[in-house]
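Take a look at the structure below.
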Amino acid sequence: MVSMKTKGQEDEAPEERVPHLPWMRHPVDIDSFSGCPVTSLPRLDPRLAEVLQRMGIESFFPVQVSTWLETIGPGAFQRDICINSPTGSGKTLAYALPIVQMLSTRKVRCLRALVVLPTRDLALQVKEVFDAIAPVVGLTVASAVGQSSIADEISDLIKKSKQELYPSLDDEYVEMEPQTKVDILVATPGRLMDHINMTKGFSLEHLQYLVVDETDRMLREAYQSWLPTVIQFTRPTNQNHFRHDTPGRTLLHPLTTIRRSGVERGFKGKCYPRLAKIVCSATLTQDPSKLSQLELHHPLLLNSGKKRYRIPTKLESYKLICTSNIKPLCLIVLLQELRGEKCLVFTKSVDDSHRLSTLLGFFEDLPFKFSEFSSLQRESTRRKTLAAFKEGKIDVLIGSDIMARGIHIDGLRYVINYEMPQYVKTYIHRAGRTARAGESGSCFTFLRKNEDLRTN
Ligand SMILES: Nc1ncnc2c1ncn2[C@@H]1O[C@H](COP(=O)(O)OP(=O)(O)OP(=O)(O)O)[C@@H](O)[C@H]1O
């Protein structure tokens, strides 16, 4: 086996192409910002500063500072924000913090911010971030991910209606009451659609902020047309003539969110305040037809550096060249060398993960504990395996790209591509499970002699 350190995936990426969309050609460079101590961020609510410090956050990362300046700062969220910044650079807090700060002055509780992510694991991880900061300013967060029964989710989301409590109340008064009892909802598209279609009282009419995380993946799949549905339901009143719960009703009552009243002083004739959007990824798509689905309002791109994608600065990449017949042995040697440190091993499919785990199972006395992590396993099994891995009871997880996106595991220093990923984007997300939040980490990729890390 030959091992070689590479200069980094980005040096091997294909030639940069000029983006088709003019607004993508002139991004704000996130790397031109430096970190900022929590206590120095202009206009940050002292309660939020305090809770962040208690969480051990002393200063903000550049992506968080630049997003803050475009939302709470001078940018004043006049434009929709598209964030393209490396894995582990802190994008979650970059959008969570301004949203929580902006909602902290709300008077009436109802659903005002929606964050949508492709998988349940990611959604729950993001909810944890909101849960850590939102309650200190009196905000409530819920998830709609299908982790619990839909009935439990409904009881977390929807108030008992006044009519149920006081049957003699006038219908008109009851309709004025917002029925959602959370301020922020973190959802996966499937469960979100279930609530939109079936949950009585679930309404997006007061929504002010929409976040689409892992945007490129979210736009690649239709997920039951969740995006056009959300956009349709949140159009200003004068453009939205239908509602699913009370068809034909027009509403302009005192509790109507100002966005729906359509104050005509917005940019390029659009109603203002509008539904403000933040979309983000480590590999944001530049495809105009995909991005157009988001109906972005005068978008602003925040990009790390000049390149289209960037890997974390402290990530070291290695090629391991060996023939197929000795690859499992080479993997075992490598894992022995890593001395029981946490490590993710990626294969190209669930079947390959299963085969590799079964093969390793034949070896006795391996000095590391490993487990398979597969979409074919039950949700509860996967959750237990991930928890055991996080706690250090398992050293090595073997899986396919189900583990590649967004998941954060403290102290994970090594990623191994047992099979070379097919796309640069996949490499970036897999490798990005390590070297997060300014830490160092290494990614090893097994290749055959004439193979290269260069992918399409
Ligand atoms: N300002 C900060 N100081 C210290 N740690 C931070 C800070 N901001 C975020 N983190 C930590 O950095 C880690 C990575 O953050 P996060 O998951 O938001 O990255 P990301 O950019 O969304 O990555 P990915 O693209 O892989 O989803 C998390 O553990 C988070 O708690």
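The chain is numbered in sequence order, starting from 1. Just follow the structure's listing: the first ligand is 1, and inside any ligand the first atom is 1.
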| By number and element, which atoms of ligand 1 are closer than 4.0 Å to a non-hydrogen atom of Glu214? | 27 (O)
| field | Any N/O pair Thr87/ligand 1 closer than 3.5 Å | value | no
| said: How far is atom 17 (O) of ligand 1 from the closest protein heavy atom, and which atom is that? | reply: Arg436 NH2, 3.1 Å
| request: Consider only side-chain N and O atoms of Arg109 and Thr140, and report whether a donor and an acceptor are under 3.5 Å apart. | output: yes
| request: Answer side chain, backbone, both or neither: which part of Ser59 comes under 4.0 Å from ligand 1, heavy atoms only. | output: backbone
| message | Is the positively charged end of Arg382 above the ring of Phe373, judged by distance under 6.0 angstrom from the centroid and angle within 45° of the axis? | response | yes
| query | Which ligand 1 atoms, with their elements, are less than 4.0 angstrom from a heavy-atom of Phe60? | reply | 1 (N)
| request: For Gly406, take its heavy atoms, then give the atoms of ligand 1 lying under 4.0 Å from any of them. | output: 26 (O), 27 (O)
| said: Please confirm whether Pro86 approaches ligand 1 to less than 4.0 Å, judged on its heavy atoms. | reply: yes
| query | With a 4.0 Å heavy-atom cut-off (strictly under), which part of Ser85 contacts ligand 1: side chain, backbone, both or neither? | reply | neither
| Minimum non-hydrogen distance to atom 8 (N) of ligand 1, winning option of Arg405, Gln64, Arg433 | Gln64
| query | Are side-chain N/O atoms of Asp352 and Tyr418 paired as donor and acceptor at under 3.5 Å? | reply | no
| query | Does at least one non-hydrogen atom of Gly432 fall below 4.0 angstrom from an atom of ligand 1? | reply | no
| request: Using a 4.0 Å heavy-atom threshold (strictly under), name the region of His429 that reaches ligand 1: side chain, backbone, both or neither. | output: neither
